Amino acid sequence: MIQVNYRDARPIYEQIMDGFKKQIIGGILVKDEKLPSVRELATMLTINPNTISKAYRELEHEGYVYTAQGRGCFVAGMPEKNEKKIQELKETLRQTIEELKFLGVRKEDVDDYWK
């Protein structure tokens, strides 16, 4: 289930996107599985349906879901290789590693997370 934290600084649609991404990446949601309709999810989370629509549009744009006209939104499975997203994540990782080095964390301690 998707959780929304109103104290989180991120917009609600991003929280929804992150929740679905984690479920897709973690294998909880599998390829071709139907997501809740916009109305259903809006009702469950008691938020505006437009917010859900925006999250679904962005997820589709990023390749995590696809829309079947009149049938709903479905998990697309593994997205195609997205070089722009890969570069963004690499840069974030590089910055995080630099900060960890600065804080005195050893490489061996970080290697444990690579599994």
Side-chain angles (χ1 to χ4, degrees):
M1 179 63 182
I2 303 296
Q3 301 272 329
V4 175
N5 180 355
Y6 293 101
R7 294 181 182 201
D8 193 326
R10 295 174 301 149
I12 293 172
Y13 82 93
E14 284 183 9
Q15 293 180 46
I16 294 167
M17 287 176 61
D18 288 347
F20 278 120
K21 284 180 186 180
K22 285 177 185 172
Q23 290 182 17
I24 292 168
I25 291 168
I28 296 166
L29 294 173
V30 295
K31 184 177 169 97
D32 297 325
E33 187 170 343
K34 189 176 186 320
L35 299 181
S37 73
V38 169
R39 270 193 200 140
E40 288 172 334
L41 191 56
T43 301
M44 285 190 292
L45 299 176
T46 61
I47 57 176
N48 190 312
N50 292 332
T51 304
I52 306 298
S53 292
K54 183 172 184 176
Y56 281 6
R57 272 194 316 274
E58 291 295 320
L59 284 167
E60 185 170 15
H61 178 73
E62 291 182 12
Y64 286 92
V65 301
Y66 65 92
T67 303
Q69 195 65 32
R71 293 184 41 224
C73 209
F74 298 84
V75 176
M78 294 298 289
E80 291 184 24
K81 193 168 184 178
N82 182 336
E83 285 301 324
K84 182 180 175 192
K85 184 67 173 176
I86 290 170
Q87 290 307 316
E88 288 173 8
L89 290 171
K90 282 182 176 179
E91 179 59 23
T92 300
L93 181 60
R94 186 190 64 73
Q95 291 172 359
T96 301
I97 289 171
E98 285 179 6
E99 190 170 350
L100 287 168
K101 280 187 200 176
F102 175 77
L103 294 171
V105 176
R106 298 176 316 145
K107 180 184 183 300
E108 295 79 25
D109 296 333
V110 176
D111 286 344
D112 293 339
Y113 291 99
W114 189 256
K115 295 174 186 172

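Because the structure is a prediction, the values reported are computed rather than measured. Basis for what follows: all heavy atoms, side chains included, without hydrogens, waters or symmetry-related copies.
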(message) Which residue in the set Leu41, Ile47, Thr46 passes side chain to side chain contact (heavy atoms under 4.5 Å, CB included) when paired with Met44?
(response)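 Single side chain to side chain contact (heavy atoms under 4.5 Å, CB included) partner of Met44 among Leu41, Ile47, Thr46: Leu41.
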
(message) As a test of understanding, state which of Leu45, Asn5, Ile52, Val4 forms a side chain to side chain contact (heavy atoms under 4.5 Å, CB included) with Ile12.
(response)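 Exactly one pass, corresponding to Val4.
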
(message) Holding to side chain to side chain donor-acceptor pair (under 3.5 Å), I want the full list of residues that pass it with Glu14, two or more places apart in sequence or in another chain.
(response)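 Glu14 satisfies side chain to side chain donor-acceptor pair (under 3.5 Å) with no residue once adjacent residues are dropped.
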
(request) Identify the heavy atoms of Ala76 and Gly63 that sit nearest to each other, and give their distance. (result)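 Here Ala76 and Gly63 meet closest at CB-O, 3.5 Å.
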
(request) Check Cys73 against Val65 and note the closest heavy-atom contact, atom names and distance. (result)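 Here Cys73 and Val65 meet closest at SG-CG2, 3.6 Å.
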
(request) To the nearest 0.5 angstrom, please state how far the CG atom of Asp8 sits from the CD atom of Gln3. (result)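 Here the interatomic distance stands at 12.0 Å.
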
(message) Nearest 0.5 Å, please: how far is CD1 in Ile86 from CG in Leu93?
(response)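 Result: 13.0 Å between the selected atoms.
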
(request) Decide if atom CZ of Phe102 counts as having more than 12 heavy atoms of other residues, nucleotides or ligands within a radius under 6.0 Å. (result)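 Not more than 12 within 6.0 Å, no.
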
(request) Would you kindly confirm whether Val30 and Met1 end up in one hydrophobic cluster when ILVMFWY residues are joined by side chain heavy atoms under 4.5 Å apart? (result)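 Different clusters.
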
(request) Using the rule that two of Ile, Leu, Val, Met, Phe, Trp, Tyr join whenever any of their side-chain heavy atoms come within less than 4.5 Å, decide whether Leu29 and Tyr66 are in one cluster. (result)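 No, separate clusters.
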
Contacts of [X] that satisfy side chain to side chain contact (heavy atoms under 4.5 Å, CB included) - sequence neighbours left out:
X: Ser53; result: Val38, Arg57
X: Val105; result: Leu100, Asp109, Val110
X: Leu89; result: Lys85
X: Arg71; result: Ala68, Phe74

(message) Show every salt bridge (Lys or Arg N to Asp or Glu O under 4.0 Å) that has at least one partner inside residues 15-24, sequence neighbours left out.
(response)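 Only Arg10-Asp18, Lys21-Glu62 qualify under salt bridge (Lys or Arg N to Asp or Glu O under 4.0 Å).
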
(request) Please list all pairs passing the salt bridge (Lys or Arg N to Asp or Glu O under 4.0 Å) test where one or both residues lie in residues 88-101, with sequence neighbours left out. (result)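 Residue pairs with at least one partner in residues 88-101: Glu91-Arg94, Arg94-Glu98.
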
(request) Kindly give the cluster partners of Ile28, where membership spreads through any ILVMFWY side chain lying under 4.5 Å from a current member. (result)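 Listed partners: none, Ile28 stands alone.
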
(message) Taking ring-ring contact (aromatic ring centres under 6.0 Å, His included) as the definition, give me every residue that meets it alongside Tyr13, ordered by chain and number, with sequence neighbours left out.
(response)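 Listed in chain order: nothing, the list is empty.
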
(request) Quick one: which residue pairs count as a ring-ring contact (aromatic ring centres under 6.0 Å, His included) with a foot in residues 14-34, not counting sequence neighbours? (result)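 The answer is Phe20-Tyr56.
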
